[in-house]
Enquirer: 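Below is a structure I'd like to ask you about.
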2 protein chains.
Amino acid sequence: MTELDKTDRRILMELQLDGRVSNAELAQRLGLPPTSLSDRFKRLVRQGFITGFGARLDPHQLGYGLLVFVEVTLDKTTPDAFEMFAQAVRRAPEILECHMVGGGFDYLIKTRLADMNTYRRFLGEVLLAMPGVKETRTYAVIEEVKNDGPLPLML
Amino acid sequence: MTELDKTDRRILMELQLDGRVSNAELAQRLGLPPTSLSDRFKRLVRQGFITGFGARLDPHQLGYGLLVFVEVTLDKTTPDAFEMFAQAVRRAPEILECHMVGGGFDYLIKTRLADMNTYRRFLGEVLLAMPGVKETRTYAVIEEVKNDGPLPLML
DNA sequence: ACTGAAACGAGTCTTGG
DNA sequence: CCAAGACTCGTTTCAGT
C-alpha cells in the first residue's frame, strides 16, 4: 500500500513549496474536504514520504557569502577508512552535504562559509585534518543558478 | 537593525529542524513568552532571514533511487551562452541544483532520477540538448553520507 | 521586552451518511 | 470517502506594566 495517486502527489508538491500551509487552506486549494486531506496528510507522514519540515533560511543574509564544493580523495579506499572519514564529516557542522561518488574522486562535499579566508581555515584545520584525506580540489560557486529545487512529482 | 542575538539564532535553528512547531511550543522550549516569540518570528520573516517553509520528502520512497552530480563545460564562455544555459536549467525540473563554479569546468548540477536508464535518457535528451553544452562528467552517488544539513548558527 | 485577557480561527474527534 | 457537530488548542490583537 505505498502507491500514490494524483492527489497525494499534489499534496506533497504543495507541502514542499509551502510547508506551513494550514490543513483548511490546502484542502480548499485542492478541492478536498479538510478531513480527507487530514487523513491523507497523516498517512503520508506515517508511511515515510514526508520525513519532516523545515524553514528555508537565506544563507547570504546570515553571513554565508560563499558556497563551495570540494572533491576529496582518500589515501586508502578501505571500508574502515571510509567509515572514519564519514564520521568526521557528520561531526563537522560546516559541511552541509557529503556524498561518496564513483569516478575520479571519492567524496563530494558542499559547504557554506563566510568568505575565502574562512574557507582557507576550514580547508586547513577541518577538512585536511580529517582521517585519510589525501587530496582535495576546490570549486567556489560564482553564481547559484538553481538552488534546492523541489523534487519533481509528475502530476 | 539586521543583527541577530542569541535568541534569534536559536529560533532559526529550531525552525530549520522543525518548521511546523507551533508558536506556543517553541516559546516554551526557549523559555519565552509566546507573544515575544511571535514578534521575533514575524520580524525574522519580514527581514528575509526566513525565506519560506517546506516539507522534506524521502527521495527513495518516491522512486528516486539515484542521485547524480554532473560537471558541465560549455563550448563558449560568453555572458550570452551562460544565460541561455541557465534558462534551460531553470526549466528542467529534474535538476535540483545548478551552480556556476570557477575551476576546471563551468557548472555543477545535482539531479535525482529513478535509475541509470533514466539518467541515460536525461543526459542524452535533456542535458546534452541544452544550448552550449560541450562536455559532461557524471558522478553517481554511492552513499549519501550527509544530506541537507542545517545551516550552522553559532549559538 | 514581558504579561494578561478576550475573540477568532484551526485542528481533532466523533458520529453519521 | 465525505459531512457536520462539539471540543480543544493555538493564534492574534489589544491593552497595560
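As a basis for the values below, the full set of heavy atoms in this structure was taken, side chains included, without hydrogen atoms, waters or symmetry mates. So you know, we letter chains A, B, ... as the sequences are listed, proteins then strands, and number each from 1.
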Enquirer: From the 5' end of DNA chain C to its 3' end, which nucleotides mark the outer limits of contact with chain B, defined by a 4.0 Å heavy-atom distance cut-off (strictly under)?
Expert: C/dA1 to C/dG4
Enquirer: Less than 4.0 Å between a side-chain N and a carboxylate O, is that true for B/R29 and B/E25?
Expert: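 A salt bridge links B/E25 with B/R29.
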Enquirer: Please report whether the ring centroid of A/Y107 lies less than 6.0 Å from that of A/F85.
Expert: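 That pair passes the under 6.0 Å test.
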Enquirer: Apply ring-ring contact (aromatic ring centres under 6.0 Å, His included) to B/Y64 and list each qualifying residue two or more places apart in sequence or on a separate chain.
Expert: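 Scan of B/Y64 (ring-ring contact (aromatic ring centres under 6.0 Å, His included), adjacent residues dropped) gives none.
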Enquirer: I'd like to know if A/R90 and A/E97 make a salt bridge, using a cut-off of under 4.0 Å between side-chain N and carboxylate O.
Expert: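 Salt bridge between A/R90 and A/E97, a charged N being under 4.0 Å from a carboxylate O: no.
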Enquirer: Taking A/Q47's backbone N and O only, do any of them form a donor-acceptor pair with B/Q61's side chain (distance below 3.5 Å, no angle check)?
Expert: yes
Enquirer: Any link between A/I109 and B/I142 through a network of hydrophobic side chains (Ile, Leu, Val, Met, Phe, Trp, Tyr) touching at under 4.5 Å?
Expert: yes
Enquirer: Counting only N and O atoms by type, is there a donor-acceptor contact under 3.5 Å from the side chain of A/D106 to the main-chain atoms of A/L74?
Expert: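 Yes, because the side chain of A/D106 sits within donor-acceptor range (under 3.5 Å) of the backbone of A/L74.
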Enquirer: Please check: side-chain N/O of B/T111 versus main-chain N/O of B/E94, any donor-acceptor pairing under 3.5 Å?
Expert: yes
Enquirer: Could you work out how much the helix from C/dA1-D/dT17 to C/dG17-D/dC1 bends, comparing the axis of its first five pairs with that of its last five, to 10°?
Expert: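 Computed from the C1' atoms at both ends, the axes differ by 30°.
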Enquirer: Just jot down the ring-ring contact (aromatic ring centres under 6.0 Å, His included) partners of B/F105, sequence neighbours excluded, or say none.
Expert: A/Y139
Enquirer: Reading nucleotides 9-17 of chain D 5' to 3', which nucleotides get B (base under 4.0 Å from a protein heavy atom), which S (sugar-phosphate only), which -?
Expert: -SSSB----
Enquirer: Looking at residues at least two apart in the chain, or sitting in another chain, which of them share a ring-ring contact (aromatic ring centres under 6.0 Å, His included) with A/F41?
Expert: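 Checked A/F41 against ring-ring contact (aromatic ring centres under 6.0 Å, His included); zero matches.
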